[in-house]
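One structure below.
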Number of protein chains: 2
Amino acid sequence: MPDRSASPPDSPTGGLTPKAEQTRTQILRAALDLFRESGYDGTTMRAVAKAADVSLGNAYYYFASKEHLVQGFYDQIQVDHAAAAESALAAETGFSGRLLAVLDSWVDVAAPYHEFAGAFFKNAAEPRSPLSPFSGESAAAREASIALHRRAVEGSDVKVAAALRAQLPELLWLLQMGVVLFWVHDDSPEQRRTHDLVRQIVPLVDRLIRLTRLPGARGLAEDVVALVAKVRG
Amino acid sequence: MPDRSASPPDSPTGGLTPKAEQTRTQILRAALDLFRESGYDGTTMRAVAKAADVSLGNAYYYFASKEHLVQGFYDQIQVDHAAAAESALAAETGFSGRLLAVLDSWVDVAAPYHEFAGAFFKNAAEPRSPLSPFSGESAAAREASIALHRRAVEGSDVKVAAALRAQLPELLWLLQMGVVLFWVHDDSPEQRRTHDLVRQIVPLVDRLIRLTRLPGARGLAEDVVALVAKVRG
DNA sequence: GTCTATAGTGGGATAGAC
DNA sequence: GTCTATCCCACTATAGAC
């Protein structure tokens, strides 16, 4: 199989010449600015290229599609979330408090992008989109987010069935995806309803987890773990 | 404000002349055929118009956009699902069996459309899209689907906390939306993994519901009901 | 009110020269 | 690595036939 003659770099930091790195950054920054000003659909690749002072073809050399530009937004928000959650976690030792800290800080961090997020969310929801949170391209951001939940669990006093403990961070990440789904649909001022949802669902999750240690719920945790294992392929 | 000179009909059955009805159906059937053959992206509006033996402009007269053609798919699949679930339900009296019947029959009915379903799924995921399962435009289909789950519950022997019983059909519909979400991401042959998921999750749900009557789980059902009530407002 | 024909526009994406 | 030129197709516009 012959080498592709034009192989656009797909990693934000990996092995690029300084010049290429700079061009890439130029394009990305122009794109994010335009996205915030005009939304996703309102921003054309031509406008991005123009604002970044490169040709249209060059923009496509660095970003295989318009959707790929959004990956930059993901990287950004993930870093911000990690930082915000970190300081919120420092003050909490209870499991409920720590989970609340992680979920709530995400909603806070994402707030400025709420409008823009709604516009491109459909692209992220598409199964084969690189923007899908389940895609290979999103693996790094996904792992980082799961790691955050792992920190929340491990730093806490939660009593959880042993079998479930290893899977818990991933399950909590899934919960967070549910919160995100709700969030993009949330039109209330300052996403108050999402905050309410988080505040109500956290104690419920806490209660559910404790339940897995009840005699009558014996096996429930194992079933959930088996389900996740199977489902992950 | 002047009247639009051409106002395309947007209801599948509402007030159309017989001729118009026939043309609309022609276009829709051609579209669904092509979608199945060539997928969503692989089907152009020109091809749809040609296959339906109408002009491109006429296709747009009946369907405001390519996405609007997809509503026809929803209507179709919902009717098919109701029929398939009905006969599957007739043979089952246990709650697990009945829930399995409803979920599994959906996966069967939807199977032929799996490939192209992924391509337009993003439209359903978009918050303000009329194609969203939560939208006002989808209310009829949503209610029909919830009613199906209500039949599954009420015809069964399930013992469930009183407070939860009224909400249960809606919660099961949410579960089905989760299955759909998994299904569109499922690339395994004949969506075997989705079938596996359904087969594993049904007894788990059954167990969870029974759990709500346990002394230690007292209040859990009420919390869930309160959560749903809050979230819907 | 239903439909055709035709001629656009806009923008995502690509090819191939340099 | 960067450009210019081009393709393709969703979608629009319009003028008019029946």
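Letters A, B, ... are given to chains in the order of the sequence lines, protein chains preceding strands, and every chain is numbered from 1.
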Under 3.5 Å, is there any donor-acceptor pair linking the side chain of A:Arg46 to the base of C:dG10? no
Starting at CZ of B:Phe63 and ending at P of C:dT2, how long is that distance when rounded to a whole Å? 13 Å
A:Tyr62 atom OH is separated from C:dA13 atom P, nearest whole Å, by 19 Å
Return the value, rounded to whole Å, for the distance between atom CD of A:Gln26 and atom C1' of D:dG1. 13 Å
Among C:dA13, D:dC3, D:dC11, the nucleotide that comes nearest once only the side chain of B:Tyr60 is considered: D:dC11
Looking at every strand, decide which applies to B:Asp53 at a 4.0 Å heavy-atom threshold: base, sugar-phosphate, or nothing. sugar-phosphate
Nearest-Å distance for atom pair OH/P, residues A:Tyr61 and D:dA5: 21 Å
Using five pairs at either end of the helix from C:dG1-D:dC18 to C:dC18-D:dG1, determine the angle between the two local helix axes and round it to 10 degrees. 10°
Atom-pair distance (CD1 on A:Ile27; P on D:dC3), nearest Å: 9 Å
Can you label the angle between the B:His185 ring and the A:Phe134 ring as parallel, tilted or perpendicular, going by 30° and 60°? perpendicular
Of the nucleotides C:dG12, D:dT2, D:dA10, which one has an atom closest to the side chain of A:Thr44? C:dG12
Salt bridge (charged side-chain N to carboxylate O under 4.0 Å, His left out), that's the test. Do B:Asp187 and B:Arg193 meet it? Break it down for me. CA-CA 8 Å; B:Asp187 278 333; B:Arg193 291 179 60 224; over 6 Å; no
Spacing of B:Lys50 atom NZ relative to C:dT6 atom P, expressed in whole Å: 13 Å
Nearest heavy-atom approach of B:Ile27 to B:Ala59 is CD1-CA, 3.9 Å
Per atom distances to the A:Val54 side chain, the nearest of C:dT4, D:dC3, C:dA13 is D:dC3
Using OP1 and OP2 only, check whether a side-chain N or O of A:Asn58 sits under 4.0 Å from D:dG1. no
Backbone N/O of A:Asp186 and side chain of A:His114: donor-acceptor pair under 3.5 Å: yes
Geometric cation-pi criterion A:Lys66 and A:Tyr60, 6.0 Å radius, 45° cone: no
Nearest-Å distance for atom pair CE/C1', residues A:Met45 and C:dA13: 9 Å
Does OP1 or OP2 of C:dC3 have a side-chain N or O of B:Thr23 closer than 4.0 Å? yes
Nearest whole Å is fine: how far is C:dG10 C1' from A:Leu56 CG? 12 Å
Verify the contact: side-chain N or O of B:Thr17 to OP1 or OP2 of C:dT2, cut-off strictly under 4.0 Å; return yes or no. yes
Surrounding CZ of B:Arg151 (heavy atoms of other residues, nucleotides or ligands, distance under 6.0 Å), is the total greater than 12? no
Comparing B:Thr43 and A:Lys19 on DNA chain D - which has the more 5′ nearest nucleotide: A:Lys19
Is the centre of the B:Tyr113 ring less than 6.0 Å from the centre of the B:Trp106 ring? no
